[in-house]
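Because the structure is predicted, anything quoted here is derived from the model rather than measured. Lettering of chains follows the sequences in order, A, B, ..., and the numbering in each one begins at 1.
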Amino acid sequence: GAGVSQSPRYKVAKRGQDVALRCDPISGHVSLFWYQQALGQGPEFLTYFQNEAQLDKSGLPSDRFFAERPEGSVSTLKIQRTQQEDSAVYLCASSPNGGSAYNEQFFGPGTRLTVL
Amino acid sequence: GDSVTQMEGPVTLSEEAFLTINCTYTATGYPSLFWYVQYPGEGLQLLLKATKADDKGSNKGFEATYRKETTSFHLEKGSVQVSDSAVYFCAEGGSYIPTFGRGTSLIVHP
């Protein structure tokens, strides 16, 4: 079956532009996570959804970052007024069950954002 | 907060060499422990996991044993192949948010 997909795969933005990153999780997966991965680092948690409910957004670095999952499937991560420090790979992951770090997460290929 | 420390890379080996990538964690209690692998241009995928002390996770010739006494989960493989070249991430799941290490790049030469 289809895995987690993300689009676009690459995005170049000028500083100050708004960007929107899309994640299509595996069909039927309850949990959806967004991570930020800086060069040479491991994924850092941004936010977590269980179905359409955003249960944890403690990892979002500023109020310029906003995520939604209105129908409990596709999710969008939006970054307003992008800054150079936002340059990173943004990973989406889904899991079939409710939130538990005992469960395997299935990752998409990521969106590489470069802010000039 | 919780953290995961893994050895810095890159680790460069010849084909059929023995591999060890060290990983230690700080979470208290009995977190689940994972190794994820990321091949070039692809997303992270689960390689193996262990959910309780002394468990051994294994897959594709890789294995790791959950050592509570040393808070470690070292990854090993007896004979690496060129196709094993990738970045390997150790992770712990003490709550519903996993904590990942920085990743260790493995390069295997023919």
Other residues, nucleotides and ligands only: do more than 12 of their heavy atoms fall within 6.0 Å of [atom1] on [X]?
X: B/Glu69; atom1: CD; answer: yes
X: B/Tyr39; atom1: OH; answer: yes
X: A/Lys78; atom1: NZ; answer: no
X: A/Leu39; atom1: CG; answer: no
X: B/Glu8; atom1: CD; answer: no

Determine, step by step, whether A/Gln37 and B/Gln38 satisfy the side chain to side chain contact (heavy atoms under 4.5 Å, CB included) criterion, reporting the C-alpha distance in whole Å, the side-chain angles of both residues, the deciding distance to 0.1 Å, and the verdict.
CA-CA 13 Å; A/Gln37 186 178 17; B/Gln38 186 174 30; 4.0 Å; yes
CG-CG distance between A/Leu91 and B/Leu44, expressed to the nearest 0.5 angstrom:
6.5 Å
Could you state the interatomic distance from CZ (A/Phe33) to CD1 (B/Ile97), rounded to the nearest 0.5 Å?
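Between A/Phe33 CZ and B/Ile97 CD1, I get 7.5 Å after rounding to 0.5 Å.
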Looking at B/Tyr36 and A/Phe107, would you say the former's side chain and the latter's main chain have a donor-acceptor pair under 3.5 Å?
no
Can you give me the closest heavy-atom contact between B/Gly41 and A/Arg9, atom names plus distance?
O-NH2, 3.4 Å
Taking every non-hydrogen atom, the tightest pair across A/Gly42 and B/Phe89
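That would be CA-CE2, 3.7 Å.
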Where on B/Gln45 is there a heavy atom nearer than 4.5 Å to chain A: the side chain, the backbone, both, or neither?
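Neither part.
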Assess the pair A/Tyr35 and B/Phe100: is the distance between their ring centroids shorter than 6.0 Å?
yes
